[in-house]
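Notes follow the structure.
In this chain, residues are counted from 1 in sequence order.
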Amino acid sequence: MTSTPTGPVLNAELLPTALEFLAEHPVVDGHNDLPWALREQVRYDLDRRDIAEDQSAHLHTDIARLRAGGVGAQFWSVYVRSDLGGDEAVSATLEQIDCVDQLLARYPADLAPAETADAMEKARTEGRIASLKGAEGGHSINNSLATLRALHALGVRYMTLTHNDNIAWADSATDTERLGGLSAFGREVVREMNRTGMLVDLSHVSAGTMRDALATSEAPVIFSHSSSRAVCDHPRNIPDDVLAQLPANGGVAMATFVPKFILPAAVEWTLRADENLRAHGHHHLDTGEEAMALHRAFEAAHPRPVATAATVADHLDHMREVAGVDHIGIGGDYDGTAFTPAGLEDVAGYPNLVAELLSRNWSTADLAKLTWGNAVRVLRDAEAVSRDLAARRGPSNATLEQLDG
C-alpha cells in the first residue's frame, strides 16, 4: 500500500498494525454502488470518471483509495431503483452489469473478474481486487426465474430480494407489510437461487422476509449491507433473533456504514434532509452534484449527527456476540449513500475500522474472519449446495401466477 486512509483516525498508534494486517487479510466488501453513481453522474462515460485517477471530488471509490483501504474483493452492486419496473428494470440491470464488465476490461491490472471463491483467492495471490456482482432488488428479474438464471450466467452472485419497496413476492423493510414475508413464488425464487449458486441477500427486506428466507434456504444467506437493530432501531437492520439463526444457516451479516442505519441520532436528521431533497424536486437517494449541494446547505443550517468508526465497531461487537465471529463481515455501501462516518469517508477508510477493533482487543484470527474468511467461505458453501441441488433437480419454470394466483 502506497497511501494512507483519509479522514480522522481514532487510534493512530494502531494504524500501522491495521495496514500490515490488511496486507495479509484484505477486506471483502459486500456492497458498493459505484456502477449506479457512474450511471447517474456521467451515463457510464468512464473517460469522465476514470477511477485510475483521483475521483474524490465526485465518488467514494477509485483504485488508489481501494488499495489504500486494503480492499481485496468487492461486490459491485448492479442496483437499479425500485421505481423502475418490468422490462425497464431488467434492461437497466443489464446496463449495470455491462458497466462492471467495462470496468473489468478497462483496469485488468487492478480488477480481476471473480465468480467463485477460488477466483477470489486467485485474485488475492495476484495482487488484484476480486470483483463480483450483486443485484439489488428482486424487481430486477421481473418475476421470471429464467431471468434470474440469465443474471447468474452474466456473473451475478447475489440478489437482494427487495430494495426499498415491496415486490409481488416479498416484503421490503421500508414499505408497508403486505405478505408478512415471502409468497409461495418468493420461496421458489430462494430455492432456485440455491440451485444456481446465487447467494440470497437479505439486506433491505422485512424481518418477516428474513425469517421466511432462512426457513426456506438450503444454502447460507448473506446480508450484504445491514447492521444491528438492537444497537440502532432502524428497519434496515437485523433483529437479534435473525442474527441468532445465522450459525445454523452458515450465513454472514455484513455491517454497513450508512449513518442513518447505525447512529440513532442520525435517523431523524436524515428524514428531514431527505424531505428537503424531495421539496426541491430530487429523489431522496439522489447523490448527484445538485442534490449534494442541497444536502451541504441543509447540513450547514442543521448540523448533522456524525457517526465514526467506533459507531460501526459497536454494531460489530454486538453482531459478533449474537451471531458469532464466523458469521459477520463488512458491507460499506459506498457511492450509495450521501453521508459516511468520520474516518470512514470513503473506501480508503477500512484501516481505521480495523484499528478501532484492535483497540477493542479483537484477535488477528477473528479480524481475518471478518475481513476475508467469512465472505469467501459463504460463497464456497453456496457453490457446494448448488452442485448438490443441480444434481438432484432441474431448473424451475414456475410462474408467479401459478404459485401465487
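Residues W362 and F21 keep their aromatic ring centres 6.0 Å or farther apart.
A 6.0 Å sphere centred on CD of E275 holds more than 12 heavy atoms belonging to other residues, nucleotides or ligands. The environment of CD in Q402 is crowded: more than 12 heavy-atom neighbours from other residues, nucleotides or ligands sit within 6.0 Å. For E126, the CD atom counts as densely surrounded, since its 6.0 Å shell holds more than 12 non-hydrogen atoms of other residues, nucleotides or ligands.
For E383, the salt bridge (Lys or Arg N to Asp or Glu O under 4.0 Å) criterion is met by no residue, not counting sequence neighbours.
Remark: side-chain polar atoms of R187 are paired, donor with acceptor, to backbone N or O of L182 under 3.5 angstrom. A side-chain donor-acceptor contact under 3.5 Å links Y107 to the backbone of I51. Listed for the H139 side chain is a donor-acceptor partner under 3.5 Å among the backbone atoms of V80. Proximity of a side-chain donor or acceptor of D110 to a complementary backbone N or O of I63 within less than 3.5 Å is not detected. For the pair T337 (side chain) and D333 (backbone), a donor-acceptor distance under 3.5 Å is absent. H25 contributes no side-chain N or O that, together with a main-chain N or O of W372, makes up a donor-acceptor pair within less than 3.5 Å. At distances below 3.5 Å, not a single donor-acceptor pair connects side-chain atoms of N249 with backbone N or O atoms of L214. A donor-acceptor pair is defined here as one N or O able to donate and one able to accept, closer than 3.5 Å; no such pair exists between the side chain of T209 and the backbone of V205. With N166 contributing its side chain and D175 its backbone, the two residues share no donor-acceptor pair below 3.5 Å. Side-chain N or O atoms of T147 include none that pairs as donor or acceptor with a backbone N or O of V90 at under 3.5 Å.
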**Asked** Which is it for S77 and D33 under the side-chain hydrogen bond (donor to acceptor under 3.5 Å, both in side chains) test, yes or no, and what are the steps along the way?
**Response** CA-CA 5 Å; S77 177; D33 276 302; 3.3 Å; yes
**Criterion side-chain contact (heavy atoms from CB on, under 4.5 Å) on L379 and L132, from CA distance to verdict** = CA-CA 11 Å; L379 182 57; L132 304 96; 3.8 Å; yes
**Prompt:** When you look at K369 and D326, which way does the salt bridge (charged side-chain N to carboxylate O under 4.0 Å, His left out) test go after all the steps?
**Reply:** CA-CA 6 Å; K369 291 178 179 181; D326 294 318; 2.8 Å; yes
**Message:** Pair F339, H295 - check ring-ring contact (aromatic ring centres under 6.0 Å, His included), show working.
**Reply:** CA-CA 9 Å; F339 305 105; H295 268 318; 4.8 Å; yes
**Asked** Does the salt bridge (charged side-chain N to carboxylate O under 4.0 Å, His left out) test come out yes or no for D381 and R377, once each step is laid out?
**Response** CA-CA 6 Å; D381 289 351; R377 188 263 307 158; 3.5 Å; yes
**Request:** Evaluate the criterion salt bridge (charged side-chain N to carboxylate O under 4.0 Å, His left out) for residue pair R278 and D274; output intermediate values, then yes/no.
**Result:** CA-CA 6 Å; R278 286 189 286 266; D274 290 350; 5.1 Å; no
**Request:** Go through the steps for M210 and Q245 under the test side-chain contact (heavy atoms from CB on, under 4.5 Å), then give the verdict.
**Result:** CA-CA 10 Å; M210 294 176 194; Q245 293 184 55; over 6 Å; no
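With respect to N164, the side-chain hydrogen bond (donor to acceptor under 3.5 Å, both in side chains) criterion is satisfied by exactly one of H204, R81, E136: H204. V378 pairs in a side-chain contact (heavy atoms from CB on, under 4.5 Å) with only one of the listed residues (V28, I222, V221), which is I222.
Note that CG of L358 and CG of L14 are 5.5 Å apart. Values are rounded to the nearest 0.5 Å.
Scanning all heavy atoms of the two residues, the minimum distance from I262 to F257 falls at CD1-O, 3.5 Å. Between A92 and R39, the closest heavy-atom pair is CB-NH2, 3.9 Å. When all heavy atoms are compared, the tightest approach of T160 to S224 is OG1-OG, 4.5 Å. Scanning all heavy atoms of the two residues, the minimum distance from A119 to P113 falls at CB-O, 4.5 Å. Contact detail for T256 and G332: the closest heavy-atom pair is OG1-O, 3.5 Å. Looking at every heavy atom in both residues, A309 comes nearest to N352 through CB-O, 4.1 Å.
Between R65 and E345, no side-chain nitrogen of the basic residue sits less than 4.0 Å from a carboxylate oxygen of the acidic one, so the salt-bridge criterion is not met. With respect to R360 and D317, a salt bridge is recorded, a charged nitrogen being found less than 4.0 Å from a carboxylate O. A salt bridge links D388 with R392: the closest approach of a Lys/Arg side-chain nitrogen to an acidic carboxylate oxygen falls below 4.0 angstrom.
Ring orientation note: the planes of H31 and Y158 are close to parallel, at an angle under 30° on the 30°/60° scale. Y79 and H163 have tilted rings, their planes meeting at an angle from 30° to 60° on a 0 to 90° scale.
Residue pairs satisfying the salt bridge (Lys or Arg N to Asp or Glu O under 4.0 Å) criterion with at least one member in residues 191-218, sequence neighbours excluded, are listed as follows: R149-E192, E188-R191, E192-R195, R211-D241, E218-R393.
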